[in-house]
Colleague: 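Here it is, the structure in full.
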Amino acid sequence: MKVVSLPQPGGCACGAVRYRLNAAPLLAFVCHCHDCQSRTGSAFSLTLVIQTADFHHDGLVEPMRRTTHSGREVEHGNCAHCRVPVFAHALIAPGFMSLRAGTLDDASWVAPIVQTFVESAIPWAVIPGVRAVTWEEFDYVALGREWAASAPRFA
Ligand SMILES: [Zn+2]
Ligand SMILES: [Zn+2]
């Protein structure tokens, strides 16, 4: 089984924001919603759900608040210099964060177990072999257990 070393380093595109993920993430998933498409400028977002306590960053982050179309108020942490979105958290769940997986120095171990908002996916971008769940059925706890069972080992 693949072993992923901790901490996992990463950062924004310009290098002003650097971070360390100090513990195993709770879940990896893909979102095809239009917010994610426009924010990333790409087909979908690849997100790790992590505990806020497991994350440490240096460098100036500019908070940007937005309401997602699922109605949650989310604060995004964008690099104040290059504006790359690095992480986000929902205001109702301050103990948890979303980390943009592509900002890891090495994201090769990040394999999503589910994809959501498939109804707004760019058709070719629907990932074969990754289960689609609607946002209504998206259960962080149950999916987290499932992810832990198939995730790499973190050490
Ligand atoms: Zn930057
Ligand atoms: Zn999304």
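First listed ligand is number 1; within each ligand, the first listed atom is number 1. Values reported hereafter were calculated over all heavy atoms of this structure, with side chains retained and with hydrogens, waters and symmetry mates removed. Sequence positions, counted from 1, serve as the residue numbers for this chain.
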Colleague: On the 0 to 90° scale, with breaks at 30° and 60°, tag the Trp109-Phe154 ring pair as parallel, tilted or perpendicular.
Modeller: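 Correct class here is perpendicular.
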Colleague: Which label fits Phe138 and Tyr140: parallel for a plane angle under 30°, tilted from 30 to 60°, or perpendicular past 60°?
Modeller: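 Phe138 vs Tyr140 ring planes: perpendicular.
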Colleague: Would you compute the distance between atom CZ of Arg39 and atom CZ of Arg100 and round it to the nearest 0.5 angstrom?
Modeller: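 Between atom CZ of Arg39 and atom CZ of Arg100 there are 4.5 Å.
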Colleague: Could you count the protein N, O or S atoms found under 2.8 Å away from the Zn ion (ligand 1)?
Modeller: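 Total protein N/O/S atoms under 2.8 Å from the Zn ion (ligand 1): 4.
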Colleague: Protein N/O/S atoms under 2.8 Å of the Zn ion (ligand 2)?
Modeller: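 Per the 2.8 Å query on the Zn ion (ligand 2), atoms found are Cys31 SG, Cys33 SG, Cys36 SG.
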Colleague: Any chance you could measure Thr116, atom OG1, to Glu136, atom CD, to the nearest 0.5 Å?
Modeller: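 With rounding to 0.5 Å, OG1 (Thr116) is 8.0 Å from CD (Glu136).
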Colleague: Report the hydrophobic cluster partners of Ile92, with the cluster defined as I, L, V, M, F, W, Y residues connected by side-chain heavy atoms closer than 4.5 angstrom, directly or transitively.
Modeller: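 Ile92 shares its hydrophobic cluster with no other residue.
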Colleague: Do the rings of Phe55 and Phe87 sit parallel, tilted or perpendicular, given the 30° and 60° boundaries?
Modeller: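 Perpendicular.
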Colleague: Among residues at least two apart in sequence or on other chains, which ones pass salt bridge (Lys or Arg N to Asp or Glu O under 4.0 Å) with Arg20?
Modeller: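 None.
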Colleague: Atom NE2 of residue position His81 - does it have more than 12 heavy atoms of other residues, nucleotides or ligands inside 6.0 Å?
Modeller: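 Atom NE2 in His81 is not packed in, count stays at 12 or less.
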Colleague: Only one of Thr103, Asn78, Val61 clears side-chain contact (heavy atoms from CB on, under 4.5 Å) with Val86; which?
Modeller: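 Exactly one pass, corresponding to Thr103.
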